[in-house]
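Inspection log for the structure reproduced underneath, given as structure tokens.
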Protein chains: 2
Amino acid sequence: DSPRAQPEGLIKLGPKSASQVLVVGSVAYDSIITPDFSAERVLGGAAAYASIASSFFAPTSLVGIIGNDFNPALLNRFRDHHIDISGLEQHPTEKTFFWKGEYTHNLEHRITHITDLNAFAHFRPQISEHIKTVPFVLLSNIAPELQLYTLNQIKGNPFVIADTMNYWIQNTHEQLLELLKRIHVLVINDEEALELSGESTLVHAGDKLCCLGPTHVIIKKGEHGSMLFNQDGVFALPAYPVRNLVDPTGAGDAFAGALIGGLASLRQHSSKAIKLGMAYATAVASITVEAISCDALLPNISSEITARVDVLRQMGHF
Amino acid sequence: DSPRAQPEGLIKLGPKSASQVLVVGSVAYDSIITPDFSAERVLGGAAAYASIASSFFAPTSLVGIIGNDFNPALLNRFRDHHIDISGLEQHPTEKTFFWKGEYTHNLEHRITHITDLNAFAHFRPQISEHIKTVPFVLLSNIAPELQLYTLNQIKGNPFVIADTMNYWIQNTHEQLLELLKRIHVLVINDEEALELSGESTLVHAGDKLCCLGPTHVIIKKGEHGSMLFNQDGVFALPAYPVRNLVDPTGAGDAFAGALIGGLASLRQHSSKAIKLGMAYATAVASITVEAISCDALLPNISSEITARVDVLRQMGHF
């Protein structure tokens, strides 16, 4: 059954068919240390989290690269969600992108110990013909040059969300500014929003980033929720009150993935649709952090997602 | 005209009669330094901000102490709002409580340079007969012993909101715990909530503080808004998007004052009423920070308060 426009206030959760969403970005092995546990070489990478998050709402294709050491059994994590991984390239000689990080101070601070790009250093996203006409695209956090390279292969006029990070803000500023003129939604965290805008408050940062090209700017604030800036003004959503925070890795990536999937399910990208999508994105992000890696993003969590959206709706109602 | 229960979703703003609200706390001279300006000996003190904020919604009495150096003309700031200052004692020999502080890092960090208690060290709140039956009481940030001393003079069964600060959490912990058992709402900022609860996240802190006595716990998060914890769960309100932040002093005090005044206007203290009151409190706090001292809290801002509540309602709607 193909996705349809949904009744107001509902995003479809269910079986999928031809891809409506393209997610491009990193698939990685993560080693994660927290005060309570450590995990070695678990599934990670922005596009891994994002594609799984998107798949709850709409048929999703993943374009990325893995190395020759990637455990084939891990591919079932994508297949379980009916994600199209025909665009997930395997490098014949390089290893998989590897990230090792540690969370300290009640999981509030993150320290990166190792970033080995490995196969990811050779990543040149190749978009197959069957995906080129997809109506919703998420360019997760990779070099702006590769985000632009991806967009240049797309046909039609897709709705495009992009994420970025401090490394690209500092080192590829011009290409990032070029990218901003070609996307519809910039999803960015609070520190990066201040850095990219040069402003000192989030409200001013949101205003200014909108002037750089995107129709909508979403600032992710972790436990403080998220804000949307566009010509309608400011929209603010609290975080879902997580009482069992295990591993913050990938929360922002899952947020972006659920957002693009939610919009694809709605077949809309109005300001109203984006607000609703942000609620679903917040719900999925809150589930993501309740287990290590993508382990909490199981195929059977649809009813939990919907329940958390209902809680979020009540949380902001007065 | 005396206040009445208001139509749903509206808090009355208008003329006042016999006091419905008692605010007890400090009235001070503040000297404030920011990157953009400095101001010497302007009106300050938690109860000054709170009583003015309350007065927009309900007839309010202020109980506090000033010194022999207090400029009588400043009393007009209270009279302009029809605040009953018959309980504002003047010490014959001591000076007025004096605080000097500096804001740095884009007004995010506050450094206290001077705290001279002066007359305030001799403060023993005396509640006159005509105020003892007031139905809504705000115990703003003073020693828990004085907050209890005030409560012990009150007749009837008022609805009580209390604020506190790190000094009392650290130095008068037992009395603070005794106070918590006798109040209905604790209003506290994020850092203090973590300190008082011993928890590492705000969600756990809010849960735990509710167990210490208050029916409702409100955590103030500055630019990230506020959260309400009670048996219904968690309610979250964003901050109003201030684009002209001048002086953060008193924002939290104005928030608490507008909340108690709003509830008095509604003549209700249900969870629903508190949520609506928090929206008015957020609006008043956002206006407070747009000028130094209490200068932005002018008698004619009622329509601006209502307009900001409307913005807040839209900001959280999806």
Side-chain angles (χ1 to χ4, degrees), chain A residues 8-9 11 35 104-108 190 194 199-208 219 221-229 232-245 262 271-282 286 289 309-318, chain B residues 8-9 11 35 104-108 190 194 199-208 219 221-229 232-245 262 271-282 286 289 309-318:
Chain A
E8 187 176 357
I11 285 181
T104 63
H105 296 87
N106 302 310
L107 304 176
E108 282 173 23
D190 41 9
L194 297 176
E199 295 290 339
S200 59
T201 74
L202 294 179
V203 175
H204 289 119
D207 289 347
K208 186 157 175 185
I219 300 181
K221 306 192 294 176
E223 69 167 328
H224 298 301
S226 57
M227 302 175 83
L228 167 69
F229 296 79
D232 295 345
V234 183
F235 168 72
L237 204 61
Y240 181 89
V242 170
R243 291 184 166 83
N244 179 32
L245 177 59
S271 183
K272 186 175 178 180
I274 290 173
K275 291 173 185 176
L276 180 58
M278 286 172 68
Y280 279 83
T282 299
S286 75
V289 301
V309 170
D310 289 343
V311 169
L312 286 165
R313 200 186 300 276
Q314 282 307 310
M315 275 180 71
H317 180 73
F318 67 87
Chain B
E8 187 176 356
I11 286 181
T104 62
H105 295 88
N106 302 309
L107 304 175
E108 282 172 22
D190 41 9
L194 296 177
E199 295 289 340
S200 59
T201 73
L202 294 178
V203 175
H204 288 120
D207 289 346
K208 186 158 177 185
I219 300 182
K221 305 191 296 174
E223 69 167 328
H224 298 302
S226 57
M227 301 174 83
L228 167 68
F229 296 80
D232 295 345
V234 183
F235 168 71
L237 205 59
Y240 182 88
V242 171
R243 292 185 166 82
N244 179 33
L245 177 60
S271 183
K272 186 175 178 179
I274 291 173
K275 292 173 185 176
L276 180 59
M278 286 172 67
Y280 279 83
T282 299
S286 75
V289 301
V309 170
D310 289 342
V311 169
L312 285 165
R313 201 187 298 278
Q314 283 306 311
M315 275 181 70
H317 180 73
F318 68 87

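Letters go in sequence order (proteins before strands), and every chain restarts at 1.
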Inset, instruction - Drop me the distance from A:His317's NE2 to B:His317's NE2, to the nearest 0.5 angstrom. - result: 9.5 Å

Inset, instruction - Against chain B, label A:His105 side chain, backbone, both or neither, depending on which of its atoms sit under 4.5 Å from a heavy atom there. - result: neither

Inset, instruction - Go through the atoms of B:Val311 and report whether side chain, backbone, both or neither lie under 4.5 Å from a heavy atom of chain A. - result: neither

Inset, instruction - Would you name the heavy atoms of A:Leu276 and B:Phe318 that are closest together and state the gap between them? - result: CD1-CD1, 3.9 Å

Legend entry - Residue among B:Ala236, B:Pro238, B:Gly225 with most heavy-atom pairs under 4.5 Å to chain A: B:Ala236

Inset, instruction - Please flag which part of A:Leu107 lies under 4.5 Å from any non-hydrogen atom of chain B: side chain, backbone, both or neither. - result: neither

Inset, instruction - Could you tell me how the ring of B:His224 sits relative to the ring of A:His224: parallel (under 30°), tilted (30 to 60°) or perpendicular (over 60°)? - result: parallel

Inset, instruction - Specify which of A:Met227, A:Arg243, A:Glu108 makes the most heavy-atom pairs with chain B at under 4.5 Å. - result: A:Arg243

Legend entry - Any residue of residues 201-208 of chain B which, by heavy atoms, sits under 4.5 Å from chain A: B:Leu202, B:Val203, B:His204, B:Asp207

Inset, instruction - For residues B:Val234 and A:Met315, report the shortest heavy-atom separation together with the two atoms involved. - result: O-CG, 3.1 Å

